[in-house]
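Following: one structure in structure tokens, then a few remarks.
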Amino acid sequence: MLTQPQQNKFNQLSDLLRKENQTHNLTRITDPKEIEQRHFTDSLAAVDIINKLAAEIKNPRIIDIGSGAGFPGLALAIAMPNIQLTSVEATGKKINFQKQAAAELELTNVTLINKRAEDIANDPAHREQYDFAVSRAVAGLAILSELCIPFVQPGGYFLAWKGRKADEEIKNATQAIKLLGGQITDQTPYALEEETESSLQIITIRKITPTPKKYPRPYKAIKQKPL
Ligand code: SAH
């Protein structure tokens, strides 16, 4: 449930996204109703999962990898003021949008980083420093796992938003997840409004053991030869 001030922030974010999208192609989704469903509601599909897994943690540290215009990260930061969000995005204009949004919405729990994930994954300030890594629509699960799992501390979780190809992606990523120290512990289906048949799900991967130092590899190697 969102409070009225939170609902107001989502409305502000929607307005800002549509306004900025006219000059800076940030997202394909531009209709207000669609923004609400496919950006906001979709991002918030993880709220219950995070609350359940982080019940003991007062201020869960969450890193969003490849956050684009801020999804799922900014939406989670609005809905869950107790989290500490770090949002990582390679493209400058997208991080600039998030910067503007975080300022206008007065989000005090957000840190923005304009870097590639693999370039900060060995930084002690970030490696294995997070309770959760989250990511939506960035890469197939094998590649994505190498980009995300190094940030998660053992005992923490990586949550991946996936669609109809989830089972195939899981099959192709099983080896990678294991090598990186993870294990799939859950698949949570969810639906957006007005969908009778949904193929959306959040895959929960628990970090069991530390990630070997050699991961992540440089992006070229990650892409050419997924684990
Ligand atoms: N998560 C957002 C954006 C998806 S588009 C959403 O669901 O709406 C994928 C984004 O990931 C792009 O903005 C791209 O710049 C970013 N990206 C891809 N690889 C990345 C990497 N290795 N590190 C950081 N950002 C990356």
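Both backbone and side-chain heavy atoms feed into the values below; hydrogens, waters and symmetry mates do not. What you see is a predicted model; the values in this text were computed from it and never measured. When a ligand or atom number is given, it counts from 1 through the structure's own listing order.
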| task | Would you mind telling me which of Q187, Q201, E169 makes a side chain to side chain donor-acceptor pair (under 3.5 Å) with K162? | result | E169
| query | At a 4.0 Å threshold, what atoms of ligand 1 neighbour a non-hydrogen atom of A117? | reply | 21 (C), 22 (N), 23 (N), 24 (C)
| field | Check against side chain to side chain contact (heavy atoms under 4.5 Å, CB included), L26 and K94 | value | CA-CA 6 Å; L26 298 163; K94 295 185 177 176; 4.2 Å; yes
| said: Heavy-atom distances under 4.0 Å decide this one: backbone, side chain, both or neither, for K94 against ligand 1? | reply: side chain
| Heavy atom of the protein closest to atom 2 (C) of ligand 1 (residue, atom name, distance) | F71 O, 3.1 Å
| query | Where is the nearest protein heavy atom to atom 4 (C) of ligand 1: which residue, which atom, and how far? | reply | A137 O, 3.4 Å
| said: Can you confirm whether more than 12 heavy atoms, excluding those of K93, are under 6.0 Å from its NZ atom? | reply: yes
| query | For R164, does the CZ atom sit with more than 12 other heavy atoms under 6.0 Å from it, leaving out its own atoms? | reply | no
| K115: numbered ligand 1 atoms lying under 4.0 Å from its heavy atoms | 24 (C)
| task | Check step by step if side chain to side chain contact (heavy atoms under 4.5 Å, CB included) holds for L141 and F158. | result | CA-CA 11 Å; L141 189 60; F158 163 38; 4.2 Å; yes
| Closest protein heavy atom to atom 20 (C) of ligand 1, given as residue, atom name and distance to 0.1 Å | R116 NH2, 3.9 Å
| field | Step-by-step side chain to side chain donor-acceptor pair (under 3.5 Å) determination, Y219 to D119 | value | CA-CA 9 Å; Y219 193 66; D119 294 341; over 6 Å; no
| task | Report yes if L147 has an N/O atom closer than 3.5 Å to an N/O atom of ligand 1; otherwise report no. | result | no
| query | What protein heavy atom sits nearest atom 7 (O) of ligand 1, and how far away is it? | reply | R136 NE, 2.6 Å
| What residue and heavy atom of the protein are closest to atom 18 (C) of ligand 1, and at what distance? | V138 CG1, 3.8 Å
| said: Tell me the protein heavy atom at minimum distance from atom 25 (N) of ligand 1, and give that distance in Å. | reply: A90 N, 3.3 Å
| field | Side chain, backbone, both or neither: A139 near ligand 1, heavy atoms under 4.0 Å | value | neither
| Should L112 and N114 be marked as a side chain to side chain contact (heavy atoms under 4.5 Å, CB included) after you check the CA-CA gap, both sets of side-chain angles, and the distance that decides it? | CA-CA 7 Å; L112 301 167; N114 184 199; over 6 Å; no
| said: For residues L105 and L2: do they belong to one hydrophobic cluster (side chain heavy atoms under 4.5 Å, members Ile, Leu, Val, Met, Phe, Trp, Tyr)? | reply: yes
| task | If the plane angle is over 60° it's perpendicular, under 30° parallel, otherwise tilted; pick one for F40 and F10. | result | tilted
| remark: ligand 1 to T91, heavy atom cutoff 4.0 Å, flagged ligand atoms 15 (O)
| task | Measure the acute angle between the ring planes of H39 and F71, then classify it against the limits of 30° and 60° as parallel, tilted or perpendicular. | result | parallel
| query | Do any nitrogen or oxygen atoms of H39 lie less than 3.5 angstrom from nitrogen or oxygen atoms of ligand 1? | reply | no
| task | Let me know which of K19, Q12, R18 forms a side chain to side chain donor-acceptor pair (under 3.5 Å) with D15. | result | R18
| said: Can you confirm, on distance only, whether ligand 1 has an N/O atom lying under 3.5 Å from any N/O atom belonging to G66? | reply: yes
| query | Which protein non-hydrogen atom lies closest to atom 14 (C) of ligand 1, naming both residue and atom, and how far is it? | reply | E89 OE2, 3.5 Å
| remark: atom 22 (N) of ligand 1: closest protein heavy atom, distance to 0.1 Å, is E118 OE1, 2.9 Å
| field | Any N/O pair P72/ligand 1 closer than 3.5 Å | value | no
